[in-house]
Each structure stands twice: as C-alpha cells, then as structure tokens.
Peer 1: 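Submitted below is the structure of interest, expressed as structure tokens.
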Amino acid sequence: MAEEEEYGTALIAELYKPPALLPIAQLKDALLYTIETYPVTIIVGETGSGKTTQIPQYLHKAGWTADGSVIAVTQQPRRVAATTVAARVAEEVGCQLGQDVGYSIRFEDVSSAATRIKFLTDGLLLREMLVDPLLKRYSVIMIDEAHERSLSSDILLGLLKKVLRKRPELRVVVSSATLDAKDFLDFFCPVDGEKINGKSKEEYGRIISIEGRMHPVDINYLIEPVSDYVERAVETVMDIHNNEPDGDVLLFLPGREDIDDAIDMIADRITDLAPGTQRLQPLPLYAGLPSDQQLYVFQAAPENTRKAIVSTNIAEASVTIENIVHVIDCGYVKLRAYDPTTGIERLATVPVSKASATQRAGRAGRTKPGKCYRLYTEAAYNAFSDSTPPEIQRSNLAPTILQLMNLGIPNIVRFDYFSNPPSELVVRAMDMLFSLGAISPEAKLTKPLGTRMAELPLSPMLAKALLNAQTFGCLYEMLHIAALLTLSGTAFIAHDGNLKQLDKVKRKFAVEEGDHITLLNVYEAFITTGRKDAQWCRSNFLNYKAMQKAVSVRNQLARHLEKLGISVSSDLSAQRAGGIFSLSPSERIRRCLTTGFFAHAARMKPDGTFQTANGETTLWAHPTSVLFHRKADWVIYDEIMESKGKVFVREVTKIEMDWLVEYAPEYYRVKQR
DNA sequence: GAGCACTGC
C-alpha cells in the first residue's frame, strides 16, 4: 500500500459521464471484434471519448481475463492519471480498488493477485519487463496517449513489437488523439509482401476512430506579426473581457516568468474596468506552483467573474479545465534540447508545432463552441512543423540505452525505434556509458557494474557513485545524497516568494565543501527533527512533501541495493579504521562522487566562473549553490543546463584534480591530448 | 552575479 502521503493530486478535472452515454459505447462490438481478430488496434479518439476507462472493461467482460491474465493500461506517463482513472473504473466495475481493478505506480502498488485490469505508468511497465520480458501475465496491453511521444512510451512500442513476434496471442492497443494513427499501424505491421506469425499487413492491424465530443472552434490569426507576445496577449485578454459574453479565458505562455508578468499586467488593468461590470480574475498555472494554488484554476469563479487562466503547456494535454471558451495561443513553448557535442541541456523557447496549436485551440471547444486567438499570422502557422520532435530525438539517451541493454537488446543501433534517435545522441550516450565502465569496448553491458547501474532508478553517473559508496565507507551517506539529488532542487521552498529569507535559512545547512555535503546535512536534520515536526520544516523553508519523497526514494534505493547483494545495514558496522577510513568522511564522500561524476568536472577561474575540463565552455554556479559566493578550484557538479545564454551548474562540490586522474585515468588521458 | 517546460523508475 501507499508508503507515503500522495502529493500533487491537485490537477484532476474531467467531467464524469455515464458510461452508456459515451461515444465509445456504440463502438463496443466493433472494438471487441477488431481486438479479437488483429494483434494490433490503433484507437483514434479525443480525450473524453471514454477509451481509457471503457475499453479495459469491455475486454474484461468479454473474457480476456478469464484465464487469470491481466489487462495492462499505461494511462499517460502520469501518476495522478493512473490513480484517478483506476478509481473510476473500480467504481464502475463495482469492486474495491486493488481487487479486480488496481494500479501500480512508483512507491504505490495497489494491485493484488485478484487484479485483472491494471493501470500503471509506462516507466513501471518497462521495469516489469526486466522480470518478465515477454509480459506473459498480460493478455492485452494498452498504450494510452502514445502520440505524446514520451521517451518511455516510444521505447515500449519498440519492445512490444518484438514481444508480439514471440506471443501471437498478445493484443496491443495503442491510443492516440491525433491523426498519426497510420504511422503507429505501419510501425507494427509487416511490410507489403511479408508476414509476421503468418499474418500479412492486412491481417495484422486496424485503426478505429471514436467520435470526440468537440464543439467547433473559430480560429483567428494576426494580420501582422507582433514582437512582444506577452503585451499582445494581455491586450487580447482585456479585449475578450470587454467585448465577449461569458466564458473563461485560457492563455498559453511558454514559462513562469512570462506568466507572472502577464498576471501582473492584467491585475493592473483590472482597476480600469468600469464599476458594476463583470469582474476578471487572473490565475497562473504551471507545474512549479504549489498545489493549493493550482486548485484555484479548477474552482468555479465567484459570481459575475470571468477567469483568465495563464498557463504553461501543462494545460495543453496534462490537465483539463472545464468551461474554457476563449483560448489565446502565443505560439511558443519551452522545450528541452540536448546538445550531444557538449552534453549540455537547454530549455529553449521555440515555436509550437501545428499539432500543438491544434490541441491548444481544442481546449476552447469542450463545453460549447469556442474561439481561439493565435498571436501569429497564418503564414507563421503554415511554417510550423507538423508535430513536436519526440523526446527520444532531443534527450540524453544514456539512461535509456543502459536500460535497453539490460533488457537484452543485443544491438542498440539496430533496435526498432518508432523514431530513430540521431546517431550523435546514441554515440554520446555509448561514450558516456563506456567511460563509466557500464559497457565494454565491444559495447556489451559489463557485469556486475553495468547491470547493477541499470537496475537502479538513478542517472548512470549517480548510480555509479552509489555503487562505489561501500568501497569508500560512505554508503549510508551516499543514499541520503542520492535521494535528495533526485528531488532536483525542490527540497527548499520559499514562502510568499521570500527568496532573501530562504537564502539566509539555507546558510544554516551550508558547508564549505559544496552542495552535496550540504544536502547530507539537510537530510539528516530532516530525519532527526523535521520528520515529526512540520512546523520546523516550515521555519527552515524545507518542502515537507518533497522531503518525504526523498525518504521514500532512499528506502527504495536501499531495497534495490540489498537485492543486488550490497548490504546497506552492515555498512554501519563496518570496520572503520585504517586505509580509506584515515580520510575524513567528507573527503571519502567527495572522492566517491568523483568516481561517478568525473565527466562533470570544472575549474574555477579568478573571476568566479568555471571552465570545463576541456576548456571549451564557461559555466556559472547556479545562484542556489553554496559555491555561488565561495572560492574553489576543481569541482564536480550534478546537473548542467543552459538558460538565457548562460550555462549553469547545480549541486556543485569541491574536489581535487588528482582524484580525476586517479578514478578516471582513461577519460582524462584522452581529454588532455 | 540570478532562476525550472513537462513527466517518471
């Protein structure tokens, strides 16, 4: 059962409709026939068509679970979605959650031997393949919202294609909201003239479309392009408010900064509204917003008030807000990009794709006919790409490739990807895995190091450091640090935007060696004091829920290590004398970190900036780092990200140059040539 | 001198 209190459950909003009234009900027989007849079925249907909740029930009642098999549904890569959909289906089936209908997400397995319909995240289904490569427990696997093209669902598609060859009786259902259904079908089906398990292309799969319940949306373009989309967006909000009858407004902007600006600007102009007219309530929405503030977006506005929701892309697909009639689309989105030559990640503001623009506009037509105001010209729209590049083409692939290798994929380059990743990304990932010792020069996973690294739900660098921790007598401490690093900066939280106060409080935990040991202090203070004392957390600006999550991660990591035969408890009683133990705990931890993060080394210059080991890139310590103000020589860092033209590193710790050569001689010999 | 789109094991 739940190991922790559920957090971040604020973003749920989809109107409940009686199952018999859903558009999908008319297609029940056709769906069952198609899934019975063909190994692969592609479902095209809008959100709200009922596909996710109804198809598993149809299959369950039609006998697909009669032999004890399970129907798996990876309901979008989101925890909240898996739990809420499972709860609704359990209610419709009339069972207790965890019995016939259950779900499984990280830290929370609410399923049992009786479970026949199981909702889970695609990441977890991937992990299950380590134990059960052919997924034999399942008779049907439904990949929901595959068009979102997340890294894990893309990988899952490739693996399922392989599994289908060995299990002709398995059924794969792929759901997609857009019209790229044919690409999905073509991917699974044999090419013309060939057969898979005796079946030709025509015998292998079908597409079924379910009518969505969309109202028409009137699209408006600008005649002339604008330079300041925030200013124009705010003007549009006010125009709508002054000239259009009822209906809430949803404005898409790329990021938090623009959103805060827009909210302020709208708030300023509200004061000009004539007394007695309808009021306007501007509301921000982005993932980083505390969940209590996110809730306002879903609550009905006060009487005689129109909501103007200013949101990131989170409202495009992840979250559904009812009663939106006017959508304003600035035409931009922030996307992660990864540069394989430097290994630097970047959040770039780029034009949206046509698919994205369509999805945004559609948000206006859920309850009645709506309007969409695009803050760009029709010519600009025509120049947009058709769809957003999938994650697999713009991410660091080292974790993915490690996982694929651990699943026994013999040749990573020739794996049947739904979209091929650029070869530079694959090469960079392989180089990194090789330098960490996870793969051999023949590109085979090493044993035990490579397989163990793949087993841990951590980045390869961090996994390597954690697996080395016992050697340095700091396993206990490294578990704490690893758990906190997975929170990526959410351990501290400012109250009411008071960043100055936050900085001051953080100094209490800060140590001269850098952020990792500082994090260790934070974790130890939390488990000794803060865990029982939420008020203490508040006065120390610690995010209680995030810290609880860190405790869960830490426990899960410890269990993984025990499973790998690395005893966590015995580390405490280890003989702590002589050898490595003549060094201080801090030095042992920092040496241990260096064994994983040597490729993330940099040296401070007199001006306080850092230079990468190859001298090619200038880095800044992120302002949240304890080394932001301090002097240092060589350091290693956890995360590197470009923002506004500057490259920032987060979680930075001092090391010695000698350690780099000692723990990564190959890497640094090559680099120095 | 300054800040993280969105998920997830």
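In what follows, chains carry the letters A, B, and so on, assigned in the order in which the sequence lines appear, proteins first and then strands, with residues in each chain numbered from 1.
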Peer 1: Quick one: Lys549(A) NZ to dC9(B) C1', roughly how many Å, whole number?
Peer 2: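 Rounding to the nearest Å, NZ of Lys549(A) and C1' of dC9(B) are 10 Å apart.
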
Peer 1: Taking the minimum atom-to-atom distance to the side chain of Thr624(A), which one of dG1(B), dG3(B), dC6(B) wins?
Peer 2: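 So the nucleotide nearest the side chain must be dG3(B).
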
Peer 1: With a 4.0 Å limit, can you tell me whether Ser643(A) has a side-chain N or O closer than that to the phosphate oxygens OP1/OP2 of dC4(B)?
Peer 2: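 Indeed, a polar side-chain atom of Ser643(A) lies that close.
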
Peer 1: Is Trp620(A) stacked against the base of dG1(B), taking the criterion as centroid distance under 5.5 angstrom and interplanar angle under 30°?
Peer 2: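 No, the aromatic ring of Trp620(A) does not stack with the base.
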
Peer 1: Strictly by salt bridge (Lys or Arg N to Asp or Glu O under 4.0 Å), give each pair with a member in residues 483-493 of chain A just once, sequence neighbours left out.
Peer 2: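 Checked against salt bridge (Lys or Arg N to Asp or Glu O under 4.0 Å) - neighbours excluded - no pair reaches residues 483-493 of chain A.
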
Peer 1: Under 6.0 Å between the ring centres of Tyr229(A) and Tyr332(A)?
Peer 2: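 Ring-ring flag for Tyr229(A)/Tyr332(A): true, centres closer than 6.0 Å.
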
Peer 1: What is the separation between atom NE2 on His622(A) and atom P on dC4(B), rounded to the nearest whole Å?
Peer 2: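 These atoms are roughly 5 Å apart.
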
Peer 1: Whole Å only: how far is the CZ atom of Phe648(A) from the P atom of dG1(B)?
Peer 2: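 Between P of dG1(B) and CZ of Phe648(A): 12 Å.
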
Peer 1: Base, sugar-phosphate alone, or nothing: which one does Phe628(A) contact when heavy atoms must sit under 4.0 Å apart?
Peer 2: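 Here Phe628(A) touches the bases of the nucleic acid.
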
Peer 1: Nearest-nucleotide wise, let me know which of Arg127(A) and Asn313(A) is further upstream toward the 5' end of DNA chain B.
Peer 2: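 By nearest-heavy-atom nucleotide position, the 5'-most residue is Asn313(A).
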
Peer 1: Answer yes or no: is there a donor N or O on one side and an acceptor on the other, between the side chain of Glu145(A) and the main chain of Ser176(A), under 3.5 Å?
Peer 2: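 No.
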
Peer 1: Between C1' on dA5(B) and CZ on Arg149(A), what's the gap in Å once rounded to a whole number?
Peer 2: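 Going from CZ in Arg149(A) over to C1' in dA5(B) covers 19 Å.
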
Peer 1: Hey, which sits more toward the 5' end of DNA chain B by its nearest nucleotide, Leu124(A) or Glu642(A)?
Peer 2: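 Of the two residues, Glu642(A) wins.
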
Peer 1: Given atom CZ of Phe492(A) and atom P of dG3(B), what is their separation to the nearest angstrom?
Peer 2: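 Rounded to the whole Å, the gap is 20 Å.
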
Peer 1: OP1 or OP2 of dT7(B) less than 4.0 angstrom from a side-chain nitrogen or oxygen of Ser152(A), does that happen here?
Peer 2: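 Indeed not, no polar side-chain atom of Ser152(A) lies that close.
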
Peer 1: So, are Glu322(A) and Arg366(A) salt-bridged, with charged N and O less than 4.0 Å apart?
Peer 2: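 Yes, charged N to carboxylate O under 4.0 Å.
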
Peer 1: Considering only dC6(B), dC4(B), dG1(B), which nucleotide approaches the side chain of Lys646(A) most closely?
Peer 2: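 Looking only at side-chain atoms, Lys646(A) lies closest to dG1(B).
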
Peer 1: Determine which pairs satisfy side-chain hydrogen bond (donor to acceptor under 3.5 Å, both in side chains) with at least one residue from residues 450-469 of chain A, sequence neighbours left out, and list them in order.
Peer 2: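 Output for this query lists Asn468(A)-Thr595(A).
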
Peer 1: Closest approach to the side chain of Lys334(A), judged atom by atom: which nucleotide of dC9(B), dA5(B), dG1(B) is it?
Peer 2: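 Selected nucleotide (nearest to the side chain): dA5(B).
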
Peer 1: Rounded to whole Å, how long is the line connecting atom CD1 of Ile314(A) with atom C1' of dC4(B)?
Peer 2: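 Computing the Ile314(A):CD1 to dC4(B):C1' distance gives 13 Å.
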
Peer 1: Could you check how far CG of Leu458(A) sits from P of dC9(B), rounded to whole Å?
Peer 2: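 It works out to 13 Å between those atoms.
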
Peer 1: Please tell me which of the listed nucleotides, dC9(B), dA5(B), dG1(B), lies nearest to the side chain of Arg336(A)?
Peer 2: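 Closest of the options to the side chain of Arg336(A): dA5(B).
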
Peer 1: What's the closest nucleotide to the Thr121(A) side chain, out of dA5(B), dC6(B), dC9(B)?
Peer 2: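 Minimum distance to the Thr121(A) side chain belongs to dC9(B).
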
Peer 1: How many whole angstroms separate atom CD of Glu316(A) from atom P of dC6(B)?
Peer 2: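 Whole-Å distance recorded here is 12 Å.
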
